[in-house]
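Computed from heavy atoms alone, side chains included, the values below leave out hydrogens, waters and symmetry copies. Per chain, numbering begins at 1; letters A, B, ... match sequence-line order.
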Amino acid sequence: MLGSRIMAQSVKGMRDLFGAELRWFQHIEDTARKCFERHGYREIRTPILEELEVFKRSVGDSSDIVKKEMYDFVDKGGRHVVMRPENTAGVVRAMVEHKLLQTSDPQLLYYIGPQFRYERMQAGRYRQFWQIGAESFGVASPESDAESLVMLYDFLRELGLEKLSFSLNSVGTPESRPAFQAAFRAFFAEREAQFCGDCHRRIEENPLRVLDCKVPTCQKALAGHPLISEFLDEASEKHHARLKELLRDLGVPFTEDPRLVRGLDYYTKTAFEVLSGDIGAQSAILGGGRYDLLVKHLGGPDVPAFGWAIGLDRLAMVCQTLRGEAPHRPPALLIPLGDRATGEAMKLARSLWAAGASVQLETRGVALKKAMTTANRTGIQTVLILGDGELDGGTVTVKHMATGEQEAWPLADLATHLKTL
RNA sequence: GCGGCUGUAGCUCAGUUGGUUAGAGUACUGGAUUGUGAUUCCAGGUGUCGUGGGUUCGAGUCCCAUCAGCCGCCCCA
């Protein structure tokens, strides 16, 4: 690299995770695993690269994701592959490929991993972003929707997000939707001139999204528009009514949003999302719903499914805003003083590690003052000082950084003491 | 993809109508205090002024391009 500099900069939209933010990621992931496993969900990990066709057939050709946001390329074997823009399609593909749905047993799965979309950068929107999601296959009942939503709700509460509320809607089925779409198109045609250019595009590609338009004149023109709920088939309607009843009984707060639609084409019946005001315009932190036809559509058996995905980057942002530092327990710092103690400290630390205690060992051989400064900066709460005096007495001097208090602990009790901190 | 804003020390920022040696706070390093941090005092280096080109006797400052980030839209997690 003579005469030139290495560009020390990550690729646009890609970022490094470390420090306080990564601690939130870790805490959220740990909490998710614990919550989901408790419900009987098991982890699945699918590849980042999938065949293009997987997303074309699941997410939908007309979606922005497939039309312009995918990292796709032709590999050396001539395969047109995509870095997954979401994880549901890959999970379904895996379930079908491994014939895991040739059973009447429900299959409950969750995933945690990076996803990729080529989008314009903005706060909370990255080109590599992380999602946590859960999918349940094989159960068509509203009880299944409710179980999944309760798990999600309890997970978010465990993270301390108690004020969030779900927006809920039913988008019906392919049988019920044409009637609604026809009515909606007719409604649109009557006042066509009042709608913006984007809406004219939407009415062709994905009519439901016209309901989402934020242009004030469009919202005005939408007054008295046909509601999806007026066109629902009986099964969808009963399903939706029962789900709402269950959620009320279970104390899961939700508001009905008859205009709620989702960007992915595969949803049927239940659709929901949660927004947060804490992250600017990038306000959707999670979304999901029922997708009873996707499995069959991807070549599998006719198996109903329900699932959702959370944006981990945005969730971490919300947690940081609401709660500041992620909960974490830094280890104690063991500082040896003098040659004799330096040798003994290593053995002592080893026995503490073996006993399951958390101890960081000061190995620089620096002055106590210097080591204390480091401890203070690192947020270490407990410092263990081991010098000649302590060695002779079979103790270690323990300093509690918050109070400045010191005491002598017998070496024999050290591990148990540390674990109760 | 569309519209707008910003880029100066590790961090937060100042820097006059272009003017010669680029500043403050904080953080950092050492000392006051050789076994005690966060407080106090003293001393010390903070830097391709995002990058490249242009205008000019002279550019952190003006112009163009480019890169990165931010805000709104679009979309979504």
(message) Of the listed nucleotides (G37(B), G35(B), C70(B)), which one gets closest to any side-chain atom of Met121(A)?
(response) C70(B)
(request) Quickly work out the Asn87(A) CG to C76(B) C1' distance and round it to whole Å. (result) 16 Å
(message) Here's a test of your reading of the structure: between Ala309(A) and Tyr118(A), which maps to the more 5' nucleotide of RNA chain B?
(response) Tyr118(A)
(message) Just N and O in the side chain of Lys12(A): are any of them under 4.0 Å from OP1 or OP2 of G69(B)?
(response) yes
(request) Consider the side chain of Thr373(A), meaning its heavy atoms from C-beta on, and name the nucleotide among G37(B), C71(B), G35(B) that approaches it most closely. (result) G37(B)
(request) Please state whether the rings of Phe306(A) and Phe272(A) are parallel, tilted or perpendicular, taking 30° and 60° as the class boundaries. (result) parallel
(message) Nearest whole Å is fine: how far is U36(B) P from Glu362(A) CD?
(response) 15 Å
(request) Just call it for Leu368(A): base, sugar-phosphate, or nothing, with non-hydrogen atoms closer than 4.0 Å on any strand. (result) base
(request) Measure centre to centre between the rings of Phe36(A) and Tyr110(A), then say whether the value is under 6.0 Å. (result) yes
(message) Please give me every residue in residues 377-394 of chain A whose heavy atoms get under 4.0 Å of an atom in RNA chain B, ordered by residue number.
(response) Arg377(A), Ile385(A), Gly387(A), Asp388(A), Gly389(A), Glu390(A)
(request) Return the minimal non-hydrogen interatomic distance between Arg125(A) and Met121(A), and the atom names on each side. (result) O-SD, 3.7 Å
(message) Side-chain N or O of Gln115(A) versus OP1/OP2 of A77(B): is the shortest distance under 4.0 Å?
(response) no
(message) Can you tell me if Trp130(A) is stacked onto the base of A77(B), using a 5.5 Å centroid cut-off and an angle below 30°?
(response) no
(message) By the definition side chain to side chain contact (heavy atoms under 4.5 Å, CB included), identify the one residue from Leu361(A), Val359(A), Leu411(A) that meets it with Leu352(A).
(response) Val359(A)
(request) For U36(B), take OP1 and OP2 only and decide whether either is under 4.0 Å from a side-chain N or O of Lys369(A). (result) no
(message) Below 4.0 angstrom, which residues in residues 399-411 of chain A have at least one non-hydrogen atom near RNA chain B?
(response) Lys399(A), Met401(A), Gly404(A), Gln406(A)
(message) Between Glu256(A) and Lys244(A), does any side-chain N to carboxylate O distance fall below 4.0 Å?
(response) yes
(message) For a quick test of reading the model, state the closest non-hydrogen atom pair linking Glu135(A) to Tyr111(A) and the distance between them.
(response) OE2-CE2, 3.4 Å
(request) Please confirm whether Arg191(A) makes a cation-pi placement over Phe187(A), using NZ or CZ under 6.0 Å from the six-membered ring centre and within 45° of the ring normal. (result) yes
(message) In whole Å, measure the gap between the P atoms of C5(B) and U48(B) for me.
(response) 28 Å
(message) Measuring from the side chain of Met372(A) (C-beta onward, heavy atoms only), which nucleotide among C76(B), G37(B), C71(B) has the closest atom?
(response) G37(B)
(request) Using a heavy-atom cut-off of under 4.0 Å over every strand shown, decide if Lys370(A) touches base, sugar-phosphate, or nothing. (result) sugar-phosphate
(message) Between the side chains of Asp257(A) and Arg259(A), is the shortest nitrogen-to-carboxylate-oxygen separation below 4.0 Å, so that they form an ion pair?
(response) no
(message) Taking the C1' atom in each of A68(B) and G52(B), what is the distance between them to the nearest angstrom?
(response) 15 Å
(request) Please work out the stems of RNA chain B from pairs that are Watson-Crick or G-U wobble with both distances under 3.5 Å, keeping only runs of three or more consecutive pairs. (result) B:1-7 with B:67-73, B:10-13 with B:23-26, B:28-32 with B:40-44, B:50-54 with B:62-66
(message) Quick test of your reading of the model: are Lys34(A) and Asp30(A) salt-bridged, counting only N-O distances below 4.0 Å?
(response) no
(request) Using whole Å, report how far CZ of Phe25(A) lies from C1' of A77(B). (result) 11 Å
(request) Decide, yes or no, whether a salt bridge links Arg15(A) with Glu21(A) under the criterion of side-chain N to carboxylate O below 4.0 Å. (result) yes
(request) Please measure how far the C1' atom in U6(B) lies from the corresponding atom in U40(B), and state the result in whole Å. (result) 39 Å
(message) Determine whether a donor-acceptor pair (one donor, one acceptor, N or O, separation below 3.5 Å) exists between the side chain of Arg125(A) and the base of C75(B).
(response) yes
(request) Quick one: label Glu119(A) by what it contacts on the DNA or RNA (base, sugar-phosphate, nothing), any heavy atom closer than 4.0 Å. (result) base
(message) Aromatic contact between His225(A) and Phe188(A), with the criterion being ring centroids under 6.0 Å apart: yes or no?
(response) no
(request) Could you tell me whether Glu325(A) and Arg23(A) have a side-chain N and a carboxylate O separated by less than 4.0 Å? (result) yes
(request) Determine, for Arg93(A) against Glu50(A), whether the closest basic-nitrogen to carboxylate-oxygen distance falls under 4.0 angstrom. (result) yes
